[in-house]
Structure formats: C-alpha cells, structure tokens
**Q** 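Structure in structure tokens, see below.
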Amino acid sequence: MDIDYYELLEISRDADKQSIKKAYRKLALEFHPDRNQGDANAEAKFKLINEAYEVLSDDEKRAIYDRYGRDGLKNSGGFGGFEDFDLGDIFSSFFGGGFGSSSKKSSTQDSYKANLAVMLNLSFKEAIFGCKKTVDFSYKSSCKACKGSGSKDGALTTCHQCKGKGQVGVSRGFMTFVQTCPECLGKGQIIKEKCTQCKGKGHEELKESVEVQVPEGIDEGMSLRVSGRGNVLKDGSRGDLLVRIEVANDEFFVRDGQDVYIEFPIFFTQVALGEKIKVPTLRSHAFLQLPLGAKSGDRFVLENEGIKDLHSQRRGRQIVQIDIKFPQRINEEQKDLLQRLNKSFGINEEGLNEEQKGFFDKLTEWFKG
C-alpha cells in the first residue's frame, strides 16, 4: 500500500516536531478504537496514524523515509513490526493511559477504559489569565440490561477465528506478525444474540456537562483532571475526565513558556532622539528607554511582565522587539525640517557628510593604486 505519512497526519513536509505532535494528538483521539467500537476502518486508520508518528517523530527514520519512502525504512531495519505493536503505546505516552490497547482485552474486562479524554480549546487570553469554562462531553456507561456483555441473555461463545486468544497471526513472506482479532476485537469471545437496548455494544453513550476552573498560565498540551466524571464501568465505578488544553494563537503576543514576545512599531525620530516610549504589556503598559543607535529587530526585556508559572506563581519576562518605521510621504514643511536637519549634521549639497566624504576619498586612492 502506498502511504504518504505527511498526508496521513495532514501536515506539510517541512512540519516541525511540535506540529507533528499536535496533528498526531488530534487524529489519535478521533480514530482511537475505544471511541470507535467495532469500526474496523477506524482501527486501521489509528494503526497507520501511530505508524506515521513513530517514523516522523524520529529524525533518523524521517530522513530515510523522506529520501527512500516506506520501502526504504523496511530495507534499513528502521521499520519493522508495525503490524504487531501495541496500538496504545504511543497514544498512552500523550494521554496518560486514558485509553487502552485494543489488542489485549479480556472478555471479563470492560471494553473501554475508565478515564475519558476530551479537548478544550482556549483563546490566548483565557489561557494567560485563567477562566471558567463549561465542557460538554459524552461518556460511556455499562449497559444495565446486559450487564455490559452486549449479549441479550448474557451468553458468549468462543471466537471461531482466534479460538479465544484475542489475537491472530498474519504472514508477511517468511515472517508472521500478531495482530488483534478482527472478529472479536481482541476479546476472545463473541456475542450470540445482541442486547436490544445497547445493540450489542455493552454500553450506552450519555451526555454531560461540567464547569472547570482553568488556572492562570495554563499552556498548550497540559490537562485538567476532573475526578469521577469519566466512563462508568461494569462494577459501577467511574473514572476521571481528562481535559486536554489547546490554545489559539494571538494577533499580537507570542508565547514561549512563561515568556511572551511582542513586536512594536517605533517611529524613526523616536530612535534618533533616544526617547522613552510607552509599550503594551499583557496587563497594561510599561515604559521603555530607547538607546541612541537602536536598530530594527533589537530586543528589550521587561522583567516580571510575562506569564505566571503554575507552580512557582512567578511571572516570566516580556520581550519587546522594535520595528523602526519611516514615513511613506512627507509634506513641504516636514521636508524643509529634514533638509535643515541634514545641514545641521554636516551633509553637503552632494548629499555627503564628513564620514561619507572620507570614504569616497579613500576609494579614490584605491582606484589610483
């Protein structure tokens, strides 16, 4: 099968590691088998997403893939056994075990995990200053009619395809790989007659809302845990709700940990005069003394004007990068003022000051030599 990992993760070929992680996290949540019970296409897509992430997140494997494609990884030994790796391994490293592997389930266990992960999108200001948000979500609750078995009378029979093992072998040339049984989805047993209430799923989907307090300074990729608002298992216990944070970019400020950056326009005369200027900060404003000779792109640090750290409560820095602006048009009065300013700096009718004239004199000697 011809697979383009970049298209699969919906990213550009020059995407950095942070973009790869973000794309993987979004798609893994969408196609995880625990959210798509019985959907073989979703499980296959989830498997490919993990495969793509494992390659593109590794610099060496990515370089081989970019040059030789998927076959190059097979030949180099950098790609092997994706057919038998645990689908939950990479996913759990992102989401703390909120979902489980779909390949090692027992018929006596629940078909889903107790913890439930949902995404919460915040604006830049909501993340910086904290807020209250209402989170709407759906959770699974074990079907009471069939006690979570999915069977009308609770009767299960051994899966004929895997003989109760939950896994089957798939041959690839002279090698055999192990993967989840597609018939029983790793349970080892199948339902004789589906429960009429849950349609054989063993659980029902219920909707709920919860209000969460988002703390000041939370950042992309962090999570909030709400105890006792996750999925309900067969024994009646309920897991936790894990609220994963995504933060939108801001029009003016750029965040880097607890530091924040802003580019601020400065008029050329303010630099020439070395003025003290008023610059915006996250909470209000501050004053910045411009040194004579400052250039576009120069950065100035304002201590304690950044973002509050969740643990220490200390604030980071704000870095102001200046962008010197020049007028696009001037009137006659302004032109006269600038011409007089030129003369005051010794610029003659040829448009040269002493430094420039000296440069030409040296260059003339250079031509003679």
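Here, residue 1 is the first one in the sequence, and each next residue gets the next number.
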**Q** Which is it for Glu333 and Arg340 under the salt bridge (Lys or Arg N to Asp or Glu O under 4.0 Å) test, yes or no, and what are the steps along the way?
**A** CA-CA 11 Å; Glu333 182 183 0; Arg340 282 191 282 163; over 6 Å; no
**Q** Can you run down the salt bridge (charged side-chain N to carboxylate O under 4.0 Å, His left out) pairs that involve residues 257-282, sequence neighbours left out, and say none if there aren't any?
**A** Asp259-Arg317
**Q** What distance do Leu27 atom CG and Leu8 atom CG have between them, rounded to the nearest 0.5 Å?
**A** 7.5 Å
**Q** Show your reasoning for whether side-chain contact (heavy atoms from CB on, under 4.5 Å) applies to Ile20 and Tyr53.
**A** CA-CA 7 Å; Ile20 294 170; Tyr53 175 73; 3.8 Å; yes
**Q** Check whether more than 12 heavy atoms from other residues, nucleotides or ligands sit under 6.0 Å from atom CD of Gln356, and answer yes or no.
**A** yes
**Q** Please check if the side chain of Asp298 supplies one atom and the backbone of Lys295 the other of a donor-acceptor pair under 3.5 Å.
**A** yes
**Q** How about CZ on Phe268, more than 12 heavy atoms from neighbouring residues, nucleotides or ligands closer than 6.0 Å, or not?
**A** yes
**Q** With side-chain contact (heavy atoms from CB on, under 4.5 Å) as the test, would you mind laying out the steps for Ser149 and Cys195 before giving the verdict?
**A** CA-CA 8 Å; Ser149 68; Cys195 169; over 6 Å; no
**Q** Which pair of heavy atoms, one from Gln321 and one from Arg299, lies closest together, and at what distance?
**A** OE1-NE, 2.8 Å
**Q** How far apart are the closest heavy atoms of Val168 and Cys162, and which atoms are they?
**A** CG1-CB, 3.8 Å
**Q** Are there more than 12 heavy atoms of other residues, nucleotides or ligands under 6.0 Å from atom CD of Glu355?
**A** no
**Q** Assign the ring pair Tyr6 / Tyr65 to parallel, tilted or perpendicular, where the plane angle (0 to 90°) is split at 30° and 60°.
**A** tilted
**Q** Taking all non-hydrogen atoms of both residues, which atom of Arg283 and which atom of Glu305 are closest, and how far apart?
**A** NH1-O, 3.6 Å
**Q** Rounded to the nearest 0.5 Å, what separation is found between the CG atom of Leu56 and the CD atom of Glu51?
**A** 10.0 Å
**Q** Would you indicate whether the side-chain heavy atoms of Phe129 and Ser123 approach each other to under 4.5 Å?
**A** no
**Q** Does Glu204 reach the side chain of Cys143, with side-chain heavy atoms less than 4.5 Å apart?
**A** no
**Q** Given the rule in the salt bridge (Lys or Arg N to Asp or Glu O under 4.0 Å) test, do Lys133 and Glu126 qualify, once you have shown the distances and angles that lead to the verdict?
**A** CA-CA 9 Å; Lys133 298 288 283 188; Glu126 286 173 330; 3.1 Å; yes
**Q** Assess, by modelled atom type and distance only, whether the side chains of Ser19 and Asp16 contain a donor and an acceptor separated by less than 3.5 Å.
**A** yes
**Q** Report the C-alpha separation of Leu282 and Val260 in whole Å, then their side-chain angles, then the decisive distance to 0.1 Å, and conclude whether the side-chain contact (heavy atoms from CB on, under 4.5 Å) test is met.
**A** CA-CA 9 Å; Leu282 285 175; Val260 64; 3.9 Å; yes
**Q** Test of understanding: clusters of I, L, V, M, F, W, Y form through side-chain heavy atoms closer than 4.5 Å, transitively. Do Val118 and Leu206 belong to the same one?
**A** yes
**Q** How close do Cys146 and Ser151 get, heavy atom to heavy atom, and via which atoms?
**A** CB-O, 3.2 Å
**Q** Same cluster or not: Phe252 versus Val301, using hydrophobic residues (I, L, V, M, F, W, Y) connected whenever any side-chain heavy atoms lie under 4.5 Å apart?
**A** no
**Q** Are there more than 12 heavy atoms of other residues, nucleotides or ligands under 6.0 Å from atom CD of Gln289?
**A** yes
**Q** Given side chains that start at C-beta, do those of Tyr24 and Ser57 come closer than 4.5 Å, heavy atoms only?
**A** no
**Q** Measuring from Phe124:CZ to Asn249:CG, what's the distance to the nearest 0.5 Å?
**A** 9.0 Å
**Q** For the residue pair Pro215 and Leu224, establish whether any side-chain heavy-atom pair is separated by less than 4.5 Å.
**A** yes
**Q** May I ask you to decide if Asn115's main-chain N or O and Asp240's side chain share a donor-acceptor pair within less than 3.5 Å?
**A** no
**Q** Hydrophobic cluster membership, with links at side-chain heavy-atom distances under 4.5 Å among I/L/V/M/F/W/Y: are Ile319 and Phe264 in one?
**A** no
**Q** When you measure from the centre of the six-membered ring of Phe137, is the NZ or CZ of Arg229 under 6.0 Å away and within 45° of the axis?
**A** no
**Q** For residues Leu122 and Leu120, determine if any side-chain heavy atom of one lies less than 4.5 Å from a side-chain heavy atom of the other.
**A** yes
**Q** Enter the distance from Glu193:CD to Thr157:OG1 here, rounded to the nearest 0.5 Å.
**A** 13.5 Å
**Q** In the structure I gave you, are the side-chain heavy atoms of Gln161 and Pro182 within less than 4.5 Å of one another anywhere?
**A** yes
**Q** Tell me, do Tyr139 and Lys207 make a side-chain contact under 4.5 Å, heavy atoms counted?
**A** no
**Q** Closest heavy-atom contact between Tyr112 and Ser141?
**A** OH-C, 3.5 Å
**Q** Measuring from atom SG of Cys159 to atom CD1 of Ile190, what distance do you get when rounded to the nearest 0.5 angstrom?
**A** 5.5 Å
**Q** Is the NZ or CZ atom of Lys45 both under 6.0 Å from the centre of the six-membered ring of Phe31 and within 45° of that ring's axis?
**A** yes
**Q** Ion pair present between Glu220 and Arg25, side-chain N to carboxylate O less than 4.0 angstrom?
**A** yes
**Q** Does any N or O in the side chain of Glu10 come within less than 3.5 Å of the main-chain N or O of Glu7, such that one atom is a donor and the other an acceptor?
**A** no
**Q** Give a yes or no on this: more than 12 heavy atoms of other residues, nucleotides or ligands lie within 6.0 Å of atom CD of Gln18.
**A** no
**Q** Would you mind checking if Lys140 and Glu205 are paired as a salt bridge, meaning a charged N to carboxylate O distance below 4.0 Å?
**A** yes
**Q** Show, in sequence, the C-alpha distance, side-chain angles and deciding distance for Asp66 and Arg62, and conclude whether the side-chain contact (heavy atoms from CB on, under 4.5 Å) test is met.
**A** CA-CA 6 Å; Asp66 286 345; Arg62 183 178 181 179; 3.7 Å; yes
**Q** Strictly distance-based, threshold 3.5 Å: is any side-chain N or O of Lys163 a donor or acceptor partner for the main-chain N or O of His160?
**A** yes
**Q** Is Glu54 salt-bridged to Lys61, cutoff N-O under 4.0 Å?
**A** yes
**Q** If the condition is side-chain contact (heavy atoms from CB on, under 4.5 Å), which residues does Asp235 pass it with, not counting sequence neighbours?
**A** Leu233, Ser237
**Q** With rounding to the nearest 0.5 Å, note down the distance linking NZ in Lys26 to CG in Leu9.
**A** 10.5 Å
**Q** List the atom of Gly202, the atom of Cys198, and the distance in Å for their closest heavy-atom pair.
**A** N-SG, 3.2 Å
**Q** Looking at Glu246 and Gly221, would you say the former's side chain and the latter's main chain have a donor-acceptor pair under 3.5 Å?
**A** no
**Q** Should the heavy atoms of other residues, nucleotides or ligands under 6.0 Å from NE2 of His285 be counted, would the total exceed 12?
**A** yes
**Q** So, Asn342 side chain and Ile347 main chain: donor-acceptor pair closer than 3.5 Å or not?
**A** no
**Q** Between the side chains of Gln318 and Tyr261, is a donor N or O closer than 3.5 angstrom to an acceptor N or O?
**A** no
**Q** In terms of hydrophobic clustering (I, L, V, M, F, W, Y; side-chain heavy atoms under 4.5 Å; direct or indirect links), are Phe326 and Ile277 co-clustered?
**A** yes
**Q** Does any part of the side chain of Val232, heavy atoms only, come nearer than 4.5 Å to the side chain of Ser142, both counted from C-beta?
**A** no
**Q** Is the CZ atom of Phe267 crowded by more than 12 outside heavy atoms at less than 6.0 Å?
**A** yes
**Q** Is Arg255 salt-bridged to Asp219, going by a charged N under 4.0 Å from an acidic O?
**A** yes
**Q** Using a cut-off of 6.0 Å, state whether more than 12 heavy atoms not belonging to Arg314 lie near its atom CZ.
**A** no
**Q** Are Leu288 and Ile266 connected, step by step, through hydrophobic side chains (Ile, Leu, Val, Met, Phe, Trp, Tyr) whose heavy atoms are closer than 4.5 Å?
**A** yes
